[in-house]
Amino acid sequence: MIRVLTTRPRGTNDILPGEVEKWQYLEELARNVCKQYGYHEIRTPIFEHTELFLRGVGETTDIVEKEMYSFLDRGERNITLRPEGTAPTVRAFLENKLYAQPQPTKLFYIGPMFRYDRPQAGRYRQFHQFGIEVFGSNHPSVDAEVIGLACDYLERLGLDNLEVHINTVGCPECRKKHKESLIAFFEDKKDQLCETCGGRLEKNPLRILDCKSPLCQELSENAPTTLSSACPECQIHFQQVQEYLTEIGIKYTINPRLVRGLDYYTNTAFEILVQGIGAQSALCGGGRYNGLIEQCGGKPTPGIGFALGMERLLLTLNQQEKSLPESGTPDIFIASIGAEAQKASFKLAIDLRKKGFIVEKDYLDKSLKAQLKTADRFQVKYTLILGEKELAGGKVLLRDMAGSEQIEISISEIEDFLERRLQKNE
RNA sequence: GUGGGUGUGGCGAAGUGGUUAACGCACCGGAUUGUGGCUCCGGCAUUCGUGGGUUCAAGUCCCACCAUCCACCCCA
């Protein structure tokens with residue numbers, strides 16, 4: 001009846017203990033890799049002025065047209081939960097004048113994004129991205145570094161069967177020409193195109209190239225590609241990016257049909273794909289966006305970056321049965337018998353925690369039997385048993401759970417003892 | 001926004017119109033005095049997503065709604 005109180009909003013997830021450790025591990029690794037490459041973390045707000053995304057992402061994109069979580073705040077400001085991380089990063093770069101520091105600026109972020117989509121495997125309304133951005137260099141080695149960083153990260157996780165697809169979508173001039181030649185190419189074929197592609201022809205003919213309908217694929221077989229339409233300058237840039245990729249041993253596939261959905265992309269576009277996690281096979285996607293910073297009110301500044309889907313990454317790791325850390329077990333469990341001992345065990349627990357041990361205890365006045373059962377569930381190596389008898393003598397029983405042996409030691413000796421034993425067993 | 005599948009206790013899962021809704025796991029308690037893992041015993045769904053309808057009788061049939069999963073569009 002009051003189900004909404006116990007049901008999370010559609011397309012969102014609770015990350016529970018046991019699972020959250022995996023997230024922490026993935027985030028830590030991302031931070032470490034970024035650090036080695038000289039990228040610095042940036043944390044921008046989770047919401048921004050709607051205008052930023054209209055401008056930055058593009059008014060005709062699906063994100064803006066139908067996927068944004070937008071609302072008026074109490075001050076009548078039009079606010080949107082960020083659907084992606086690049087525009088906010090650009091905004092922060094400009095607002096905080098990071099361009100005044102040595103260039104290029106190399107940033108990374110990890111955090112939630114929001115898109116109002118129908119959820120399915122690997123797609124959620126709140127999802128998390130790890131992304132990097134480089135502002136201020138159009139050097140082809142930067143393109144290769146960005147792609148290489150993503151590959152490095154994924155390889156360190158031991159993932160198999162990854163495919164790096166790259167393409168160039170050219171500069172705005174190339175794109176304009178390409179669009180015209182595409183429309184001309186499909187002119188006499190438009191009646192045969194599928195329903196969605198019929199509509200795409202006028203608005204976004206680029207997308208016909210990666211339509212999944214077999215007939216559209218066949219029809220577009222010999223269509224001009226962004227690559228073939230690229231001007232000499234863009235061709236050269238793309239060529240150099242490939243040379244740099246080869247230099248660092250990254251295997252890639254040139255996919256002339258690869259186009260990215262957001263308006264701001266120019267030149268290099270790339271995706272890292274993986275099979276086996278459902279229809280949404282793009283683990284990571286990114287590219288160059290040399291016009292975006294100017295579009296957002298800055299001086300003309302080249303940029304490039306990627307976004308990597310954390311949920312999809314977890315799905316992949318799961319599917320490939322890669323092991324990740326799970327929740328740890330306490331060092332010791334403290335069982336007590338009787339009210340006095342309960343109080344003493346409470347103090348003992350806190351003293352030991354202050355010494356750095358991970359300590360669990362009983363909070364329910366359970367029977368000793370039940371407490372040992374609980375200790376067993378926690379899989380602790382040692383249980384301290386504190387009863388009236390021991391308490392009187394300033395002692396505790398220290399029980400080795402695996403060997404079922406226990407000795408009596410004085411409370412003052414516990415720390416030393418555990419220090420030695422727990423280290424030895426580690 | 002469109003299409004398809006699913007919806008029984010914390011989880012897995014029987015049940016296909018008829019007395020008290022199997023079973024497994026998990027959880028909690030107990031098997032004489034303060035001792036876990038094995039075993040045994042006991043407890044744990046006034047109820048089958050929600051609301052209507054058909055029927056003498058519905059978890060079982062019909063309708064609607066909701067949720068969830070998958071897919072399309074698109075994207076991470």
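In what follows, chains are A, B, ... by sequence order, proteins preceding strands, each numbered from 1.
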Practice problem: For A:G278 and for A:Y124, find the nucleotide of RNA chain B with the closest heavy atom, then tell me which residue's nucleotide is more 5'. | Solution: A:G278

Quiz item: On a whole-Å scale, what distance lies between the P atoms belonging to B:C23 and B:A58?
Solution: 24 Å

Quiz item: From B:U35, B:A76, B:G37, pick the nucleotide closest to the side chain of A:R115?
Solution: B:A76

Quiz item: Got a donor-acceptor pair under 3.5 Å from the side chain of A:S404 to the base of B:G37?
Solution: yes

Exercise. Give a yes or no on whether a donor-acceptor pair under 3.5 Å exists between the nucleobase atoms of B:C73, that is its base, and the side chain of A:R118.
Key: no

Practice problem: Measure from the side-chain heavy atoms of A:R123 and tell me the nearest of B:C72, B:G34, B:G36. | Solution: B:C72

Quiz item: Any stems for RNA chain B, made of 3 or more Watson-Crick or G-U pairs in a row, each with both distances under 3.5 Å?
Solution: B:1-7 with B:66-72, B:10-12 with B:23-25, B:27-31 with B:39-43, B:49-53 with B:61-65

Self-check item: C1' gap between B:G24 and B:C44, integer Å
Solution: 15 Å

Quiz item: Do side-chain atoms of A:N255 reach the backbone of A:R257 as a donor and acceptor pair under 3.5 angstrom?
Solution: yes

Practice problem: Taking atom C1' in both B:C63 and B:U54, compute the distance separating them and give it to the nearest angstrom. | Solution: 11 Å

Quiz item: Take atom CZ in A:F346; do more than 12 heavy atoms of anything else shown fall under 6.0 Å from it?
Solution: no

Quiz item: What is the distance, rounded to the nearest whole Å, between atom CG of A:L384 and atom C1' of B:G34?
Solution: 15 Å

Quiz item: Want to settle it: does A:G11 or A:Q129 sit nearer the 5' end of RNA chain B, counting the closest nucleotide to each?
Solution: A:G11

Exercise. Ignoring hydrogens and angles, answer whether the base of B:U35 and the side-chain atoms of A:Q406 contain a donor-acceptor pair closer than 3.5 Å.
Key: yes

Quiz item: Looking at the side chain of A:E390, which of B:C70, B:G34, B:G36 is the nearest nucleotide?
Solution: B:G34

Quiz prompt | Flag if over 12 foreign heavy atoms under 6.0 Å of CD, A:E408 | solution = yes

Exercise. Using atom CZ of A:R125 as one end and atom P of B:U68 as the other, report the distance to the nearest whole Å.
Key: 8 Å

Quiz prompt | Atom pair distance, as rounded to whole Å: CG in A:D362 and P in B:C28 | solution = 12 Å

Exercise. For B:U46 versus B:G9, give the span between their C1' atoms, rounded off to a whole number of Å.
Key: 13 Å

Practice problem: Choose from B:A31, B:C69, B:A71 the nucleotide whose nearest atom is closest to any side-chain atom of A:K369. | Solution: B:A31

Quiz item: Under 3.5 Å, is there a donor-acceptor pair linking the side chains of A:E163 and A:T253?
Solution: no

Practice problem: Would you kindly say whether A:Y39 and A:E145 are connected by a side-chain donor-acceptor distance under 3.5 Å? | Solution: yes

Quiz item: Any donor-acceptor pair under 3.5 Å joining the side chain of A:K66 to the base of B:C74?
Solution: no

Quiz item: For the pair made of CZ in A:R10 and C1' in B:U68, what is the distance, rounded to whole Å?
Solution: 8 Å

Practice problem: Would you please confirm or rule out a distance under 4.0 Å between OP1 or OP2 of B:C27 and any side-chain N or O of A:R377? | Solution: yes

Quiz item: Charged N to carboxylate O below 4.0 Å: is that the case for A:D160 and A:K322?
Solution: yes

Exercise. With heavy atoms under 4.0 Å as the rule, sort A:A375 into base, sugar-phosphate or nothing.
Key: nothing

Quiz item: Using atom C1' of each nucleotide, how far apart are B:A45 and B:C41 to the nearest Å?
Solution: 22 Å

Quiz prompt | Nearest-nucleotide pick for A:Q120, side chain only, options being B:G34, B:A71, B:G36 | solution = B:A71

Practice problem: Considering only atom C1', compute the distance from B:G7 to B:C48 and round it to an integer number of Å. | Solution: 10 Å

Practice problem: Determine the interatomic distance between C1' on B:G15 and the same-named atom on B:C61; round to the nearest Å. | Solution: 16 Å

Practice problem: Mind calculating the distance between CD1 (A:I332) and P (B:G36) to the nearest angstrom? | Solution: 20 Å

Practice problem: Would you mind checking if A:R399 and A:E405 are paired as a salt bridge, meaning a charged N to carboxylate O distance below 4.0 Å? | Solution: no

Quiz item: What distance, rounded to whole Å, do you find between the two P atoms, one in B:G18 and one in B:C25?
Solution: 29 Å

Exercise. Going by the ring pair (Phe, Tyr, Trp, His ring centres under 6.0 Å) test, name the single residue among A:Y124, A:F71, A:F127, A:Y69 that passes it with A:Y116.
Key: A:Y69

Quiz item: Salt bridge or not for A:R288 and A:D143, using N-O below 4.0 Å?
Solution: yes

Quiz item: Which part of the nucleic acid, if any, lies within reach of A:L283 when heavy atoms closer than 4.0 Å are counted: base, sugar-phosphate only, or nothing?
Solution: sugar-phosphate

